[in-house]
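One structure is given below, encoded as structure tokens.
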Amino acid sequence: MTLKKDLKTPIDINWCPGCGNFGIWKAFSDAAVEKGWDNTNTVLAAGIGCHGHIVNFIKLTSFEGLHGRAIPLACGIKMANSRLNVFVFTGDGDCLAEGGNHFINGARRNHDITIILHDNAIYGLTTGQASPRSPKNKKTKSTPDGNHDEPIDPLRLALSAGATFLGRVYAGQPKELKEMMIAANEHKGFSVVQILQPCVTFDKLYTHQYFRENIYQLGNDYDFTSREAAFAKTFEWGEKKIPVGIFYKVDEPTNESQISQIQQKPLIKLPLKRNLSKLLAKYK
Ligand SMILES: Cc1ncc(C[n+]2csc(CCOP(=O)(O)OP(=O)(O)O)c2C)c(N)n1
Ligand code: SF4
């Protein structure tokens with residue numbers, strides 16, 4: 001059993017007041033309590049950015065990777081102990097710029113990990129440069145004449161690459177966000193939760209008000225097992241037409257389920273076939 005107090009760390013939360021990251025932190029903590037995620041069953045990996053600070057505020061075993069490298073870190077953890085719930089907290093810069101290659105290949109291989117994508121459409125930590133999610137023509141610190149580039153849609157990219165669970169939620173929807181995190185984690189395969197997370201300090205476009213006014217929930221008539229339907233939905237964006245909910249969910253063999261050596265026991269429980277002490281001694 002996990003209690004709220006078990007997850008508390010002595011570190012004061014240093015996000016700007018009103019930052020969408022608070023909603024993500026709260027939803028994850030609520031999900032951890034509900035599902036009993038603790039140090040025996042769950043590991044967190046984070047990238048570098050404001051989003052990555054989340055691991056300082058949740059007392060669970062966690063690792064911060066290099067910028068953009070949280071996904072390979074998480075894949076390594078999952079490979080070593082395939083019984084763990086492995087979460088990746090990543091930003092739109094971390095995941096789609098520096099880490100774009102890992103995002104594509106993690107999805108392609110259907111690693112059984114859960115990607116929590118804090119999408120504020122800007123580089124927050126480095127004070128407001130354009131990210132691969134910033135809209136075309138947007139003026140930012142790094143694009144004073146307006147952004148020349150088209151934004152990436154992370155769900156469309158992940159879908160094309162082979163991800164098997166795709167969801168989108170706004171950070172101000174605590175219940176939906178908690179439920180989405182649980183559903184994504186319970187799904188076996190590469191799961192992406194894109195969270196629309198306002199950066200209240202450096203972005204004045206994608207505000208809380210903007211998302212409150214423009215998101216709509218995918219209805220019961222939407223078929224989330226259809227790749228074509230999901231693909232079409234990822235093109236919807238703008239006034240009154242930002243869909244949220246589960247875009248796509250299908251069962252496909254995960255990377256880990258196809259490795260015969262780890263079907264009975266995780267790698268960390270298997271005996272070493274070679275004596276590595278000589279090799280390790282070299283690096284002492
Ligand atoms: C290899 C490397 N490149 C660049 C940086 C500088 N850097 C740190 S955080 C960051 C961007 C953060 O943006 P995002 O991932 O969207 O996270 P946010 O701060 O918005 O949560 C950059 C470019 C770095 N630390 N390491
Ligand atoms: S800079 Fe933006 S993303 Fe970073 S803590 Fe402040 S509001 Fe949040």
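Whatever order the structure lists them in is the order used to number ligands and atoms, beginning at 1.
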Between Ser131, Gly91, Cys50, Gly99, flag the one that comes closest to atom 18 (P) of ligand 1 by a heavy atom. Cys50
Assess whether atom NZ of Lys136 is packed by more than 12 heavy atoms of other residues, nucleotides or ligands within 6.0 Å. yes
Heteroatom distance test ([X], ligand 1): nitrogen or oxygen, under 3.5 angstrom:
X      : result
Gly49  : no
Gln197 : no
His67  : no

Taking the side chain as every heavy atom from C-beta outward, state whether [X] and [Y] have any pair of such atoms under 4.5 Å apart.
X      : Y      : answer
Phe28  : Leu60  : yes
Ile113 : Ile77  : no
Phe224 : Leu218 : no

Can you name the atoms of ligand 1, numbered from 1 with element, that are less than 4.0 Å from a heavy atom of Glu98? 1 (C), 3 (N)
Ligand-residue contact atoms, ligand 1 with Ile122, heavy atoms, under 4.0 Å: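 Listed by number with element, the hits are 16 (O), 20 (O).
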Can you tell me if His51 contacts ligand 2 (heavy atom of the residue under 4.0 Å from the ligand)?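 Distance cut 4.0 Å: His51 fails for ligand 2.
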Do you see an N/O/S atom of Cys50, backbone or side chain, under 2.8 Å from atom 2 (Fe) of ligand 2?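 Of the N, O and S atoms in Cys50, none lies under 2.8 Å from atom 2 (Fe) of ligand 2, which means no.
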Would you verify whether the NZ or CZ of Arg109 falls within 45 degrees of the ring axis of Phe190 while also being under 6.0 Å from that six-membered ring's centre?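 Here Arg109 fails the 6.0 Å and 45° test against Phe190.
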Which of the numbered atoms in ligand 2 are below 4.0 angstrom from a heavy atom of [X]?
X      : value
Cys16  : 1 (S), 5 (S), 6 (Fe), 7 (S)
Val200 : 7 (S)
Asn120 : 3 (S)
Gln197 : 3 (S)
Thr201 : 6 (Fe), 7 (S)

Drop me the distance from His208's NE2 to Glu213's CD, to the nearest 0.5 angstrom. 13.5 Å
Less than 4.0 Å is my threshold; does some heavy atom of His118 fall inside it relative to ligand 1?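 Heavy atoms of His118 never come under 4.0 Å of ligand 1.
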Would you mind telling me if ligand 1 is within reach of the side chain of Asp94, the backbone, both or neither, using heavy atoms under 4.0 Å? both
What part of Thr126, side chain, backbone, both or neither, has a heavy atom within less than 4.0 angstrom of ligand 1?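 Side chain only.
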